[in-house]
Participant: 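Here it is, the structure in full.
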Amino acid sequence: SRMLQDDVVANFQGHLANLPAGEARFSIGGEYRKNDYRYVFDHLNTQTSFLDLGIGTFPANSTRGATSVKELYGELLVPLLKEIPLIEHMNLELGYRHSDYRFQGGIETYKALLDWGVTPALRVRGGYQKATRAPNIAEMFQAESQTWGFGVPGDPCGINTLAAYGANAALNPNSAAVRTLCSQIMGAGAAGNFYGPGAITPSGTGGLYFVNVVGNPKVNPEDSTTWTAGLVFQPHLDNPLLAGFSSTIDWYSIKIDGMIAPESGLAVYQACLSPSSNPTYSASNEACKRILRNPDTGGMTAVYATYLNTGKAKLSGVDMSVDWKASLSDMGMASAPGRVGVNVMFSKLLTLDTQASAAAPVIDWVGSLGPSPGTSLNSGAFSYRVFTTFTYGNGAFNSSLRWRHLPSAVSEAQAQSTTKLSLLGAESSYDVFDFSAAYSLNSMLQLRAGIDNVFNTPPCMDTWSMRTG
């Protein structure tokens, strides 16, 4: 593989004006950036030589593409008020950026942030930001690469599927039309084997199929809007036991529109089999043409998918932190050298909803091991997370013990299902301790050592991990 980047940046910043509340400052600049990427895949692992694949690998093809962008941006820091009752200081930060992408054209982003010092000990912060993420080279130029899908709701063409749009008569009043459409996609002979007497019908919790994903040069950037609000409390007390105390709490709400993500195999099936996107149940529907069924058995084989901007996501949560440190001598241990500290970071996830398309259901991932890879979001939507760090230092020596805690969580499949499944998630909480220490011999040389997962805690095993591990 080869990645080349050309980057030219010019930036100017400095004094703008003297205002009653302080100095206003500015920053302006521009940037030109070009990325050129080439990846040559092993010929024996391409889709033309799939019989030579190693176990556990999937075929792909060589990829090459290039993108470029020209940007102009500016920022202002404006002091509004200071040293009046309940306003120690109040500053406004403004920003604007215009980006001209080679394939997507011009895009504007901006922000407005407020920093309000109520007292020397209490500060309020927050604001609004409109951001964008342009598609990367893979999302635009990826050659056909194969992945796979598995699990709930099973084969949508199967009569036991849990898909509300599928061929299960107990769940879908239009199941007969769906079955007819599936038969057309399979072909008469294969449909007879799939639906015929004595056929082994797929279950509603199983369904393995391949997804052939290819890049889309016409995919657009995804947009997000973010609101934040928070407090910072640092009392600066004279008591040595409290002088090292500080805490923060911040709320955030993020909305992403036009999410860049590859279509899931089930999303293609839903677009083909749902009356909202295929009202006549026609086999010539664009989505139906991208579904491949086994020509002999009629079973699921593959789906062709690409990157689109059809997804949406909403995230919100609260982040809190508490930090404290003090000398052991100030804690009544006069003969004990050194300084100790504790830092606790707590993150509560309030909302994490995604929707693959306008016709797809909204999935609430909070408290699960999702979101699924098809959303392009990081997995692990635990309802909360806690990271605690204990520190001790004395002169040139410093050490820390970090404790990571995660609660139990349901499986990714359970988050997508309205019925109780037997698939396990993270059935118990997870606690891992990491230790590190460092000793500075001089200003240029430091010795460091550490142990990750001190107690050798095994990872949480969901149903799929236990089946494949």
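Just so it is clear, the model here is predicted, and its values are computed rather than measured.
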Participant: Ion pair present between D434 and R402, side-chain N to carboxylate O less than 4.0 angstrom?
Facilitator: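 Looking at R402 together with D434, the answer is yes, because their closest N to O distance falls below 4.0 Å.
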
Participant: Is the closest basic N to carboxylate O distance between K70 and E31 below 4.0 Å?
Facilitator: no

Participant: How far apart are the closest heavy atoms of E139 and A134, and which atoms are they?
Facilitator: OE1-O, 4.5 Å

Participant: Among side-chain atoms of T280 and S282, is any donor-acceptor pair under 3.5 angstrom?
Facilitator: no

Participant: Looking at A112 and L94, what are the two nearest heavy atoms and their distance?
Facilitator: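 Distance-wise, the nearest heavy atoms are CB-CD2, 3.8 Å.
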
Participant: Using modelled atom types and a 3.5 Å cut-off, is there a donor and acceptor pairing between side-chain atoms of T63 and backbone atoms of A143?
Facilitator: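 Flag set: sc T63 to bb A143 pair under 3.5 Å.
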
Participant: Donor-acceptor pairs under 3.5 Å, side chain of residues 313-320 to any protein atom, not counting sequence neighbours: which ones?
Facilitator:
residue : atom : partner : partner atom : Å
S316    : OG   : T351    : N            : 3.4
S316    : OG   : T351    : OG1          : 2.9
D319    : OD1  : S347    : OG           : 2.8

Participant: Between the main-chain N or O of D353 and the side-chain N or O of Q355, is there a donor-acceptor pair closer than 3.5 Å?
Facilitator: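 The answer is no, because no donor-acceptor pair under 3.5 Å joins these two groups.
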
Participant: Do NZ/NE/NH1/NH2 and the carboxylate oxygens of K312 and E222 come within less than 4.0 Å?
Facilitator: no

Participant: Which pair of heavy atoms, one from P156 and one from M300, lies closest together, and at what distance?
Facilitator: CD-CE, 4.1 Å

Participant: For the residue pair R64 and F141, would you count it as a cation-pi contact if the rule is NZ or CZ under 6.0 angstrom from the ring centre and within 45 degrees of the ring axis?
Facilitator: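 No, a cation-pi geometry is absent between R64 and F141.
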
Participant: What are the two closest non-hydrogen atoms of V178 and Y165, and how far apart are they?
Facilitator: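 That would be CG2-O, 3.4 Å.
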
Participant: Scan residues 364-384 for pairs that pass ring pair (Phe, Tyr, Trp, His ring centres under 6.0 Å), counting only residues two or more places apart or in two chains.
Facilitator: F346-Y384, Y384-H405

Participant: Would you indicate whether the side-chain heavy atoms of C157 and M186 approach each other to under 4.5 Å?
Facilitator: yes

Participant: Please name the pair of heavy atoms, one in A271 and one in N278, separated by the smallest distance, quoted to 0.1 Å.
Facilitator: O-CB, 3.9 Å

Participant: Salt bridge or not between K130 and E108? Use side-chain N to carboxylate O under 4.0 Å.
Facilitator: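 Salt bridge absent between K130 and E108.
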
Participant: Within the distance-only criterion (no hydrogens, no angle test), does the side chain of S411 pair as donor or acceptor with the backbone N or O of Q414 below 3.5 angstrom?
Facilitator: yes

Participant: If I compare all heavy atoms of E412 with all of S372, which pair ends up nearest, and what's the gap?
Facilitator: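 Shortest heavy-atom separation between E412 and S372 comes out as OE2-CB, 3.2 Å.
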
Participant: Check whether the side chains of S408 and S429 place a donor and an acceptor atom closer than 3.5 Å, and report yes or no.
Facilitator: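 Side-chain D/A pair, S408 to S429: absent.
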
Participant: Can you give the donor-acceptor pairs under 3.5 Å from side chains of residues 303-310 to other protein atoms, not counting sequence neighbours?
Facilitator:
residue : atom : partner : partner atom : Å
T306    : OG1  : V214    : O            : 2.8
Y307    : OH   : Q142    : OE1          : 3.2
N309    : OD1  : N220    : N            : 2.7
N309    : ND2  : N220    : O            : 2.6
N309    : ND2  : G258    : O            : 2.9
T310    : OG1  : A356    : O            : 2.8

Participant: Give a yes or no on whether the backbone of V219 and the side-chain of Q104 come within a donor-acceptor separation of less than 3.5 Å.
Facilitator: yes

Participant: Look at R33 together with D6 and state whether they make a salt bridge at an N to O cut-off of under 4.0 Å.
Facilitator: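 No salt bridge links R33 with D6.
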
Participant: Looking at R38 and R2, would you say the former's side chain and the latter's main chain have a donor-acceptor pair under 3.5 Å?
Facilitator: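 Absent.
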
Participant: Please identify which of these residues, L114, V118, V232, meets the side chain to side chain contact (heavy atoms under 4.5 Å, CB included) condition with V124.
Facilitator: V118

Participant: Is it true that E75 and K111 have a side-chain N and a carboxylate O under 4.0 angstrom from each other?
Facilitator: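 Here E75 pairs with K111 in a salt bridge, since their nearest N and O are under 4.0 Å apart.
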
Participant: Using the side chain to side chain contact (heavy atoms under 4.5 Å, CB included) rule, pick out the option among T226, T228, L113, T225 that qualifies with Y128.
Facilitator: T225

Participant: Do Y96 and Y73 have their ring centres less than 6.0 Å from each other?
Facilitator: no

Participant: Less than 4.5 Å apart, side chain to side chain, heavy atoms only: is that true for I260 and N136?
Facilitator: no

Participant: Apply side chain to side chain donor-acceptor pair (under 3.5 Å) to residues S436 and S400 and explain how you reach the verdict.
Facilitator: CA-CA 5 Å; S436 64; S400 68; 2.8 Å; yes

Participant: With a 3.5 Å distance limit and no angle check, can you tell me whether T161 reaches the backbone of A163 through a side-chain donor-acceptor pair?
Facilitator: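 Here the side-chain-to-backbone pair exists.
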
Participant: Is it the case that N11 and S27 place a side-chain donor and acceptor less than 3.5 Å from each other?
Facilitator: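 The answer is yes; a qualifying pair exists.
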
